[in-house]
Amino acid sequence: MISPFRPGAPHPVVEDLTARVRSGTAGFWAWRPLRSARASAVLHAAALLLGCCLLLLSPSTTAGPEATLYVYAVTPLRARALEQKIEESMPGVDVTVFGKLSDFRTALEANPPSAALSPRPVLASLNRTADLQGLKAGSDAEQYLLVSTKALTRDMRSSLRYGIIDLVERKALPKFVAGLLGVSDAPEVQRVTKTEDLLPLLQFQTADAVLLPERFRYDFESKSKMHFTILSLSTAKVGLVAVTFLSNRQAIENAIRKLPKHVLADLGVDEWR
């Protein structure tokens, strides 16, 4: 039974239709943003999947993210500067250059890399083999010079105090220096971490003489007005940088062999054997 219509009052049928329209409109606007959100999520997931597929299918042109190289070298460059130069020349290889032998040794034992590069005596002191040897003008060793502000004779070699760059463990260093000097008695030795630290040893008379790689002679003499006595001993030969491989040899060896000439020069070599 239809309710009687009173003039001025809303008709029940109109009220019912209005309510249905409002209900339908509200449902439409509630569904529309939900549909947009779902579409956006689907497109985002599709783009992410496509990106992953392209990454997996693209050919690798580097040694791979798992390749790591530790370096300890006798060089006038700061560790960070050398690290940047090597890393720029070896895309895909994580390079760490150490300024101290003790840090290099600790990292090598605690978290072994794919390969380690250092002077051959360093590797020998750490019981590591030289799998790839650096050469300079065809030789695998470089000449070290005996430099002093005093008049030197070969007979007084055992009685002097020496300074040298850290190349072996501290306890083994005096015996190592004795071998370079060609004497049987191990002398007193002061070790340093950088070539630039050798000159102050002479300036402040902390050492009577220092053992210096011949390739640094000009730079060493140009930084001081002191007069130096310099001896070149036939026994003072030190193995150049070499590489020992611990894993992933093929990828990291290819990258090392492709190092440019200017980086090899910083390491004191010009080719690999």
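- A salt bridge is absent between Asp166 and Lys100: the closest approach of a Lys/Arg side-chain nitrogen to an acidic carboxylate oxygen does not fall below 4.0 angstrom.
- Expressed to the nearest 0.5 Å, how far NZ of Lys258 lies from CH2 of Trp272 amounts to 15.5 Å.
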- Task: Evaluate the side-chain contact (heavy atoms from CB on, under 4.5 Å) criterion for residues Leu145 and Phe220: first the C-alpha distance (whole Å), next the side-chain angles of each, then the deciding distance (0.1 Å), finally the verdict.
- Result: CA-CA 11 Å; Leu145 302 174; Phe220 187 85; over 6 Å; no
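- To the nearest 0.5 Å, the span separating CG on Leu246 from CZ on Arg128 amounts to 4.5 Å.
- In this structure a side-chain-to-backbone donor-acceptor pair under 3.5 Å is missing from Thr129 to Asp131.
- Rounding to the nearest 0.5 Å places OG of Ser148 at 10.0 Å from CZ of Arg161.
- Two different hydrophobic clusters hold Leu123 and Tyr70 under the rule that ILVMFWY side chains link at heavy-atom gaps under 4.5 Å.
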- Evaluation steps, side-chain contact (heavy atoms from CB on, under 4.5 Å), between Glu87 and Val97: CA-CA 10 Å; Glu87 203 158 38; Val97 176; over 6 Å; no
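- Transitive grouping of hydrophobic side chains (ILVMFWY, heavy atoms separated by less than 4.5 Å) keeps Val241 and Leu135 in distinct clusters.
- Within the 4.5 Å cutoff, the side chain of Leu146 has heavy atoms near those of the Leu181 side chain.
- A donor-acceptor contact shorter than 3.5 Å is absent between the side chain of Gln143 and the backbone of Glu214.
- A side-chain donor-acceptor contact under 3.5 Å links Ser89 to the backbone of Lys85.
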- Taking it one step at a time, do Val210 and Ile164 satisfy side-chain contact (heavy atoms from CB on, under 4.5 Å)? CA-CA 6 Å; Val210 298; Ile164 190 173; over 6 Å; no
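- Remark: the backbone N or O of Asp103 is not paired with any side-chain donor or acceptor of Thr106 at under 3.5 angstrom.
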- What do the steps show when you test Gln190 against Asp197 for side-chain contact (heavy atoms from CB on, under 4.5 Å), and what is the final call? CA-CA 11 Å; Gln190 177 73 37; Asp197 294 335; over 6 Å; no
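- If you take CD1 on Ile165 and CG on Leu212, they are separated by 7.0 Å, rounding to the nearest 0.5 Å.
- Checking side-chain atoms of Tyr162 against main-chain N and O of Arg157 turns up a donor-acceptor pair under 3.5 Å.
- A donor and an acceptor atom, one from each side chain of Arg120 and Gln133, are located under 3.5 Å apart.
- The backbone N or O of Ala130 sits nowhere less than 3.5 Å from a side-chain atom of Thr244 that would complete a donor-acceptor pair.
- Taking CZ of Phe104 as the start and CG of Leu117 as the end, the distance is 7.5 Å to the nearest 0.5 Å.
- Rounded to the nearest 0.5 angstrom, Glu169 CD and Lys175 NZ are separated by 13.0 Å.
- With Asn111 contributing its side chain and Ala107 its backbone, the two residues share no donor-acceptor pair below 3.5 Å.
- No donor-acceptor pair closer than 3.5 Å links the side chain of Ser139 to the backbone N or O of Lys136.
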